[in-house]
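Here the structure is laid out as structure tokens; the discussion comes afterwards.
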Amino acid sequence: MEKQRGTFSNRLGFIAAAAGSAVGLGNIWKFPYEVGENGGAAFLVIYLFFAFVICMPIMVGEIAMGRNTRSNPYGAFRKLGGKKWGIVGFIGVLSGIFILSFYNVVAGWAFGYFLQITFGDLLGQSDYSAYFGDYVAHVSDNLLYSLAFMVLTALIVIAGVKKGIERWTKILMPLLIALIVGLIIYAITLPNASAGLEFYLVPDFNNVTGKTYYMALSQAFFSLSLGMGAIITYGSYISKSDNIITSAALVTTADALIAFMAGLLIFPLVFFQGIEPTEGPGLVFVSLPGIFEAMGPILGKIVGGGFFLLLCFAALTSTVSLLEVPTAFVTDETNYSRKKTVMGLAALVFILGLPSMLGQGAVGMFTEFMTYGGETKSFMGVVIDIFSDIGLPLGGFLISIFVAYRWRTHRAADEIEQGHKHFRGSWGEKFFNVVISYISPIVVGVMVIIIFLNKFTGLDILGGL
Ligand code: PHE
């Protein structure tokens, strides 16, 4: 018998939820430090190219797969492609669990920063870089805050797709955008801001290496929540009358825009304060407090606290989508109730996240967890390498191959056509077909090999291009 599955209330509901999934720490925490580490504006240009040309069609494919099968990623691949393809979907489900395990830790940092700025003495520290280093190595706070974050995520997922996921995004995302815009205006008037804008906006392709290309690709997948079935899962809840093409275009545009704005905010601050753009994962945590401090004790606490609080909400709509994937998998494929499933999965994810949390200086073994490709990585670094940097593009590659050569683009078109009557014969269809059948398999396929070699052997095939 068919089980009752939730649906979004209308098209805006899906767009809000998918944009909520896409917009998160990926845009505001990860994107700026990737730009900083990988050469600035050139990275931004390559990133935008990948997001719109490669990833947007893959998003269309994921939504279509989800809506056609009304299933989690495992069920979607299995229904359309048989048992063996089910494995690909299952790996996506697993990746979701691992990505959430570290994501939740970083979300805990953001939550802690909100508390420390608003109620503690974070603003006014003399060295924000040292503060961040101490902060993430501090086990008890991190344990508490990431636990709180996981519990909140679980409660929202238990409440279900409709009530839990849509509502907040619609209110809080516009608020976050407004605050970022306000801060950008402030940031670009600071001394030396122009050096930051130049770094971020004037490309210098001399510094581009193979790593620039593949990190831009991996970042695009991560930021758009693609390659592991989060969008398949959300797609399984949308109505047949929704236009998949315009939905994907809107979500991609909103996500890229917010990432772009985060860079406009961060780089003037980085150059104003003389911080190295290559600071790494601490970049936003190190560069933002100084500007809140400059606003004075009261305003700084309000604006700074507000910023990190809104960042937490953005992260929350992403953690919810990450937890929804394994939840949909278990509830679709077994008879466990949603509530029990969510509680079990949340506990599992939290435990899997502990080594990522402890590997920030607190426990040596997890801080220097493995050495390969000439670099020593923390536990979190290894999880990011495998499940995000390599795993998501690999998933995107497999989704393209699957849609083009197993499910077939004409069947995908049948699905897309519902809700978009003029899809067949349109330039949109041609673009989708060419990207899914040729451009994505070749470009993403080659990139996956390059990422793999570079990460594990240090070899940079595209070096100097
Ligand atoms: N896109 C989210 C972000 O940018 C992270 C995410 C990745 C969510 C993969 C779901 C799936 O923060």
Side-chain angles (χ1 to χ4, degrees), residues 15-35 47 50-51 55-56 58-59 62-63 66 72-73 89 91-110 149 153 156-157 161 165 169 172-173 176 180 215-235 248 251-263 281 284 310-329 345 349 353 380 383-384 386-396 399:
I15 292 172
S21 169
V23 174
L25 296 168
N27 307 58
I28 290 161
W29 162 70
K30 201 162 185 287
F31 177 75
Y33 85 72
E34 297 287 0
V35 174
Y47 170 81
F50 283 146
C55 290
M56 197 166 71
I58 293 180
M59 184 179 285
E62 282 204 28
I63 303 173
N72 67 86
I91 295 172
V93 174
L94 266 187
S95 302
I97 291 176
F98 275 94
I99 290 176
L100 182 55
S101 78
F102 80 78
Y103 197 98
N104 186 59
V105 172
V106 182
W109 299 346
F149 217 88
T153 303
I156 296 179
V157 177
V161 232
I165 301 174
T169 316
L172 296 167
M173 186 113 65
L176 176 67
I180 295 178
M215 286 314 291
L217 183 71
S218 296
Q219 173 60 24
F221 274 99
F222 182 81
S223 191
L224 290 166
S225 306
L226 291 175
M228 42 72 60
I231 300 297
I232 295 180
T233 308
Y234 274 12
V251 172
T252 307
T253 307
D255 187 68
L257 200 68
I258 294 185
F260 177 70
M261 292 197 311
V284 290
L310 286 171
L311 179 57
C312 286
F313 279 114
L316 193 61
T317 51
S318 301
T319 54
V320 161
S321 75
L322 281 160
L323 189 58
E324 180 65 26
V325 176
T327 301
F329 167 68
L345 284 168
V349 169
M380 191 191 275
V383 174
I384 293 182
I386 296 174
F387 293 100
S388 181
D389 288 355
I390 301 178
L392 297 180
L394 180 63
I399 288 166

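Just follow the structure's listing: the first ligand is 1, and inside any ligand the first atom is 1. Keep in mind that what you see is a predicted model, and the values were worked out from it rather than measured. Counting from 1, the numbers follow the sequence of the chain as shown.
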I'd like the atom pairs linking ligand 1 to the protein - N or O on both sides, separation under 3.5 Å - with distances to 0.1 Å.
unit_1: ligand 1; atom_1: 1 (N); unit_2: S21; atom_2: O; d: 3.2
unit_1: ligand 1; atom_1: 1 (N); unit_2: A22; atom_2: O; d: 3.0
unit_1: ligand 1; atom_1: 1 (N); unit_2: F222; atom_2: O; d: 2.8
unit_1: ligand 1; atom_1: 1 (N); unit_2: S223; atom_2: O; d: 3.0
unit_1: ligand 1; atom_1: 1 (N); unit_2: S225; atom_2: OG; d: 3.0
unit_1: ligand 1; atom_1: 4 (O); unit_2: A22; atom_2: O; d: 2.8
unit_1: ligand 1; atom_1: 4 (O); unit_2: G26; atom_2: N; d: 3.3
unit_1: ligand 1; atom_1: 4 (O); unit_2: N27; atom_2: OD1; d: 3.4
unit_1: ligand 1; atom_1: 12 (O); unit_2: L25; atom_2: N; d: 3.1
unit_1: ligand 1; atom_1: 12 (O); unit_2: G26; atom_2: N; d: 2.8
unit_1: ligand 1; atom_1: 12 (O); unit_2: Y103; atom_2: OH; d: 2.4

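A donor-acceptor contact closer than 3.5 angstrom links the side chains of S225 and S21.
Between the T319 side chain and the L316 main chain, a donor and an acceptor come within less than 3.5 Å of each other. A donor-acceptor contact shorter than 3.5 Å is absent between the side chain of N104 and the backbone of S101. With hydrogens and angles ignored, the 3.5 Å screen pairs a side-chain donor or acceptor of S95 with a backbone N or O of I91. At least one donor-acceptor pair under 3.5 Å links the side chain of W29 to the backbone N or O of P281.
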Give the intermediate values and the outcome of ring pair (Phe, Tyr, Trp, His ring centres under 6.0 Å) for residues F31 and F260. CA-CA 9 Å; F31 177 75; F260 177 70; 8.3 Å; no
